[in-house]
Amino acid sequence: MRLGLNFPRRAFVSAAACAFLALAAFSVLAQDPPKPEAHGVVVANMDPSVKPGDDFYHYANGSWIKRTEIPPDRGQVGVFTTLADLSNKRTAGLIEEVSKANAPAGSNIRKIADLYTSFMDEAAIEAKGLAPLRPHLQAIAAIRNQHELARALGESLRADVDALNNTNYHTPNLFGMWVAPGFNDSEHYTAYLMQGGLQLPDREYYVSSSDRMRDIRTKYQAHISVMLKFAGFTDTDTRAERIVALERAIAGKHLSLEENEDIQKANNTWKLADFPAKAPGLDWTEFFRGAGLVNQASFIVWQPTAFTGESALVASTSLETWKDWLAFHLIEAYAGMLPKALTDERFNFVGKTLSGIPEQQPRWQRGVALVNGLLGDAVGQIYAQHYFSPEAKAQAQAMVANIIAAFRRRIEALTWMDPVTKAEAQAKLTTLYVGIGYPETWQDYSAYEVRADDLFGNLWRASLFDYHREVARLGLSVDRKEWCMTPQTVNAVNLPLQNALNFPAAILQPPFFDPQAPAAVNYGAIGSVIGHEISHTFDTQGSAFDSKGRVRDWWTPADLAHFNAATAKLAAQYDTYKPFPDLAVNGKQTLGENIADVAGIAAAYEGYRASLGGKTAPMQDAFSGDQQFFIAFGQNWGSREREAVLRQRVLTDGHSPDEYRADTVRNIDSWYLVFGAKPGEKLYLAPPDRIQIW
Ligand SMILES: [Zn+2]
């Protein structure tokens, strides 16, 4: 679980459905990077006219929010995007540097340079037109029957979803695969299959009867028609109508995000022979042949009802409609790598209509995002050498140790928990692997061919390279120290099946982490992030796994009943948050992240107090150490988002909107002591209503 920005969820902020598109969401220098001379909370960002007990988020960030505009080429701006800008700028500098090196063919450095060059050579891209796409469109046009359709659908399978680490449940392909330690055999890599088939971000976009969603669907249909016309299709309005109808039918079979997060419901082992019986319609033999998976004995099928429903649709919908669907999905997937007319049309729909972003990012920024997406570890290796010092690593490690120790004491002190349950919880902390800055081993790109004059081919080969690498891992022993995030990513993540955490170098810098800032500020900012990720080990999903990463019920019934009652109260608290009059936060969909936020602050605060060793923290800017701690935490979340982006996030993200993440201090007793929040103030909760789970 990440910390949280666009789509992926188990991380601290969410990421996005497709690596390079997701990364493209951040970029452009919206604000100057944090000023190096300032160490501590940023007083100029606060609004002292707001009472902390009424609105802690605006108290900590109000002045910044008032003076900050969202740049025209992005959907949101905040601490995460500002740091991502810095990371991207540095990455662009590294790419420029390595491009001059004229490195030997086949080396990582040469691949970075050639991939970037292939993206920046717009004249070559225009000259080729749609030629790179033609053989693939012809292959789709040549499909004659259901067998060949099934084969083509299998050939489109990619390792492009991720249920528990970077959390991305979305793939436009019919299904998606995730390779990870098995639910029932955490020692070996297992194939998980997940529902797919939609271009729009979630089933809600197809099934909702709201005016807004109807309008999006109308514009989506027009967009499909335009894209098909570019590719030379006739009767494009009729085809577009059929494609939308098919996706709407698929959406009707999909599980909601809230249902997807239920581990027990997802743990369904299907043997190869089970597919035709449990999900008749699709020719599964041909599908798995196309996917290169005929030797895979079994799979974990995340949403069995969706597989049954989607498979039946393959048989009941006309072959011509499926071929149009395949063609459109192909064009859409590569539109950003094709001539400007297609790139612009895709941005008009995905950027402007879906996210309300007026302008596309400059090409160089999209190029950096692409290189990060396809050669992330190759870039990350150089990035870590340049931008992450051994001193920063040692200091971050010490903070992690302090916060884990705080967690141990908190578990030991829980009055409601049985000693047997406590022992396994402690064992989970003992076996937890914490990666700081960068991984111990790097991805091997030797089998990935990059050519400076072949952007489309570079993308096509990358998606196959990724897929083949994942397929090759099936059945092998799990490397618990493997990372799922690059060092240049501004985020953090908990990997529940590996019982591991990753804290990339790019988040371990100001304002999150500043070796020269007071301890209070570092614990409030990065410490709460560290506490958040540790807490995922014990959230609604994390607690389903034992110290070895196995799905195992290690709770006594009484402990589980207590945990469920407390988490239900937290879900109900978040259900009351309404970013728009017609749209509320879904407390269940965001429960795991909300538990991690509350428990994360509590553990970070205790770690901070312990780090003082009995001394009183120095005042800074007239704030006590405890005040600085909470303000620094609140300033993690200062952000502005476009309405369309925020609405999309409420529907598709496991993280709550930033404002409510900051306001969750209302669950922490010490926050009341520090800021004197009183009954009658908007955030005030009576002691029994404050949720303290860990
Ligand atoms: Zn998280």
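Remember, it's 1-based here, ligands and their atoms both numbered in the order they're listed. The structure displayed is predicted, hence computed values, not measured ones. Throughout, numbering of the chain's residues begins at 1 and tracks the sequence.
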Check Glu593 and report its N/O/S atom nearest to the Zn ion (ligand 1), by atom name.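 Nearest to the Zn ion (ligand 1) within Glu593's N, O and S set: OE1.
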Less than 6.0 Å separating the ring centroids of [X] and [Y]?
X	Y	answer
Trp302	Phe183	yes
Phe633	Phe630	no
Phe56	Trp671	yes

For a distance under 2.8 Å, tell me if Asp597 has an N/O/S atom near the Zn ion (ligand 1).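 So Asp597 does not count as coordinating the Zn ion (ligand 1).
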Does His655 bring an N, O or S atom to under 2.8 Å of the Zn ion (ligand 1)?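 Within the cut-off used here (under 2.8 Å), His655 places no N, O or S atom near the Zn ion (ligand 1).
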Give a rough value, rounded to 10 degrees, for the angle at the Zn ion (ligand 1) between atoms NE2 of His536 and NE2 of His532.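 Approximately 100° at the metal, rounded to tens of degrees.
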Is Lys393 close enough and on-axis enough to Phe503, meaning under 6.0 Å and within 45°, for cation-pi?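 So Lys393 doesn't make the cation-pi contact.
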